[in-house]
There are 2 protein chains.
Amino acid sequence: MENKNLDLEKQISEFKNIVRKKGLKFTPQRKKIFEEILKTEGHFQIEDLVHNIKEKGINVSRATVYRTLNIMKELGFVEEVIKFKNKTIYEVSLKHHHDHLICTNCGKIIEFHEEKIEELQNKICKKYKFHPDFHRLEIFGLCHECYKELKKKKRK
Amino acid sequence: MENKNLDLEKQISEFKNIVRKKGLKFTPQRKKIFEEILKTEGHFQIEDLVHNIKEKGINVSRATVYRTLNIMKELGFVEEVIKFKNKTIYEVSLKHHHDHLICTNCGKIIEFHEEKIEELQNKICKKYKFHPDFHRLEIFGLCHECYKELKKKKRK
DNA sequence: CTTTGTGCAAAGATTTTGCATTGCG
DNA sequence: CGCAATGCAAAATCTTTGCACAAAG
């Protein structure tokens, strides 16, 4: 628990330094948004963020949330990872790269990383003389729980 | 050329039959939209479609284009494949499955298919007891031409 | 003739932006 | 103090929808 708080402070401090190094300002709003993002399990949607912040009676406007996220994206603290049903899902980029299994029924996101897939991708890029920057691999389908549930319903 | 027109008619006819089989109506608008989609090189954006149709003086409203695309998606004639910069890119699903290299500079889309990646994906799904439906693999970066061009500019 | 489709305009949803004001550094 | 950030509301995008009318089957 204490450990966690130390981590949190360390990350916020790092964020502060990087923001300032870029000639930007470290405002209470940016701090708050960053804290809220760290509290998520790694993935979040903007509207959830806005909602969570509003709920706690903290004054950060939607515009600021959007603007801050764009800055964080540029600074590499978050990534736009998934677009599904016209919603953008962001991801906190504190871990190493991974891809996603997305349940189209319950919305659950499972992360995975398969080095061999990354290698094959590089091979393909070479073949097409393509210079990759980043990629997204999203597998949509049903998680085990939803699959079982839907199979049960079908039987009835 | 003649061959191509035969193909076209055959595909339109198939579309007509499937639409009717579903109890839906085969209207001139739906025919027109389908024809325009077939004319693309496999990928298109809704607004381009609307624009192309409008330009030819054909009367199909934006609402009808959106509604028709949703139907075509359900019927499997098109797929939503890429979300980039808040734009949805559709793909005509007449070819076998493939993935995409997307140039973030010029927007060019290169298609590829790598069976080994598909196999690895299946392996991963099994590991997580996930039941895949479809997937998207998008590699963003620079195509060879843009890479060369941007390198040249940087030097100056 | 019934039911579905269309066009239009309005409404929704998501994201960006202009401008006056605030506040960090 | 100067410049960047904020909040607000308006606007810009993209997409869906209600309703009256048209047309397919």
Side-chain angles (χ1 to χ4, degrees), chain A residues 12-13 15-36 44-54 56-75 77-90 107, chain B residues 12-13 15-36 44-54 56-75 77-90 107:
Chain A
I12 292 173
S13 174
F15 177 58
K16 182 159 104 182
N17 292 336
I18 293 184
V19 163
R20 289 195 172 153
K21 204 176 285 172
K22 291 275 169 183
L24 302 172
K25 286 168 182 175
F26 184 69
T27 63
Q29 288 90 337
R30 286 182 180 170
K31 179 168 184 242
K32 197 68 224 165
I33 292 167
F34 190 67
E35 280 173 356
E36 285 300 318
F44 64 94
Q45 293 182 26
I46 293 192
E47 285 307 312
D48 289 344
L49 201 57
V50 172
H51 183 255
N52 287 343
I53 289 174
K54 278 262 179 301
K56 288 171 190 165
I58 301 158
N59 270 349
V60 182
S61 70
R62 170 170 283 105
T64 296
V65 173
Y66 274 93
R67 283 191 275 233
T68 302
L69 277 176
N70 281 334
I71 289 170
M72 287 182 172
K73 196 162 54 171
E74 276 172 40
L75 298 184
F77 284 97
V78 298
E79 274 173 75
E80 253 183 36
V81 278
I82 301 164
K83 300 270 186 172
F84 187 53
K85 288 184 179 169
N86 301 325
K87 291 208 188 314
T88 302
I89 298 174
Y90 279 85
Chain B
I12 292 173
S13 174
F15 177 58
K16 182 159 104 182
N17 291 336
I18 293 185
V19 163
R20 289 196 173 151
K21 202 175 288 173
K22 289 276 168 183
L24 302 171
K25 287 168 182 175
F26 184 68
T27 64
Q29 287 90 337
R30 287 182 180 169
K31 180 168 183 242
K32 196 68 223 165
I33 292 167
F34 190 67
E35 280 172 355
E36 285 300 317
F44 64 93
Q45 294 181 28
I46 293 191
E47 285 306 311
D48 291 344
L49 202 57
V50 172
H51 183 256
N52 287 344
I53 289 174
K54 278 262 178 302
K56 288 171 189 164
I58 301 159
N59 270 348
V60 182
S61 69
R62 170 169 284 104
T64 295
V65 173
Y66 274 93
R67 283 191 274 231
T68 302
L69 278 176
N70 281 333
I71 288 170
M72 287 183 172
K73 197 162 50 171
E74 275 172 41
L75 298 184
F77 284 96
V78 299
E79 274 174 75
E80 254 184 35
V81 277
I82 301 164
K83 300 269 186 173
F84 188 53
K85 289 183 179 170
N86 301 324
K87 291 207 187 315
T88 301
I89 297 174
Y90 280 86

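Quick note: numbers below take in every heavy atom, side chains included, and nothing from hydrogens, waters or symmetry partners. Below, chain A is the first sequence line, B the second, and so on; all start at residue 1.
- The NE2 atom of A:H51 sits 13.0 Å away from atom CD of A:Q45, with the distance rounded to the nearest 0.5 Å.
- For the helix from C:dC1-D:dG25 to C:dG25-D:dC1, the terminal axes (five pairs an end, C1' atoms, rotation from four pairs onto the next four) enclose an angle of 40°, given to 10 degrees.
- With rounding to the nearest 0.5 Å, the separation of NZ in B:K32 from CG in B:L49 is 11.0 Å.
- The aromatic rings of A:F34 and A:F15 lie parallel to each other, their planes meeting at an angle below 30°, with 60° marking the opposite boundary.
- Separating the NZ atom of A:K32 from the P atom of D:dT6 is a distance of 15 Å, rounded to the nearest angstrom.
- A heavy-atom distance below 4.5 Å is found between the side chains of A:L69 and A:F44.
- Across the protein-nucleic acid pair, A:H51 atom NE2 and C:dT14 atom C1' stand 17 Å apart, rounded to whole Å.
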Between the protein and nucleotides 21-24 of chain C, list every N/O to N/O distance that falls short of 3.5 Å.
unit_1	atom_1	unit_2	atom_2	d
C:dG23	N2	A:K25	NZ	2.8
C:dC24	O2	A:K25	NZ	3.1

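- Of all heavy-atom pairs spanning B:T64 and B:I33, the tightest one is O-CD1, 4.0 Å.
- Here A:K56 pairs with A:E36 under the salt bridge (Lys or Arg N to Asp or Glu O under 4.0 Å) rule; sequence neighbours left out.
- Here C:dG5 is the nucleotide among C:dG5, D:dA4, D:dG7 with the atom lying nearest to any side-chain atom of B:L24.
- With rounding to whole Å, B:Q29 atom CD is found 14 Å from D:dA22 atom P.
- In terms of heavy atoms, B:Y90 sits closest to B:V78 at CD2-CG2, 3.8 Å.
- If you take CZ of A:R62 and P of C:dT17, they are 17 Å apart, rounded to a whole angstrom.
- A straight line from NZ of B:K22 to C1' of C:dG5 spans 18 Å, rounded to a whole angstrom.
- Within the 4.5 Å cutoff, no side-chain heavy atoms of B:V60 are placed close to those of B:T68.
- Rounded to an integer number of Å, the gap from A:K31 NZ to D:dT6 P is 14 Å.
- Between the C1' atom of C:dT15 and the CD atom of A:Q45 lies a distance of 14 Å, rounded to the nearest Å.
- Note: NZ (B:K16) to C1' (C:dG5) measures 17 Å, nearest angstrom.
- Projected onto DNA chain C by closest heavy-atom contact, B:G23 and B:V60 fall at different nucleotides, the more 5' of which corresponds to B:G23.
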Tabulate protein N/O versus nucleotide N/O from nucleotides 10-13 of chain C, keeping only pairs under 3.5 Å, one per line.
none

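- Separating the CZ atom in B:F26 from the OG atom in B:S13 is a distance of 8.5 Å, to the nearest 0.5 Å.
- Interface residues of residues 63-75 of chain A facing DNA chain C, ordered by number: A:A63, A:Y66, A:R67, A:N70; criterion, heavy-atom separation under 4.0 Å.
- No more than 12 heavy atoms of other residues, nucleotides or ligands shown are found within 6.0 angstrom of NZ on B:K16.
- Taking CE of B:M72 as the reference point, atom CD1 of B:I18 lies at 11.0 Å (rounded to 0.5 Å).
- Residue pairs meeting the salt bridge (Lys or Arg N to Asp or Glu O under 4.0 Å) criterion with at least one member in residues 20-31 of chain B, sequence neighbours excluded, are B:K31-B:E35.
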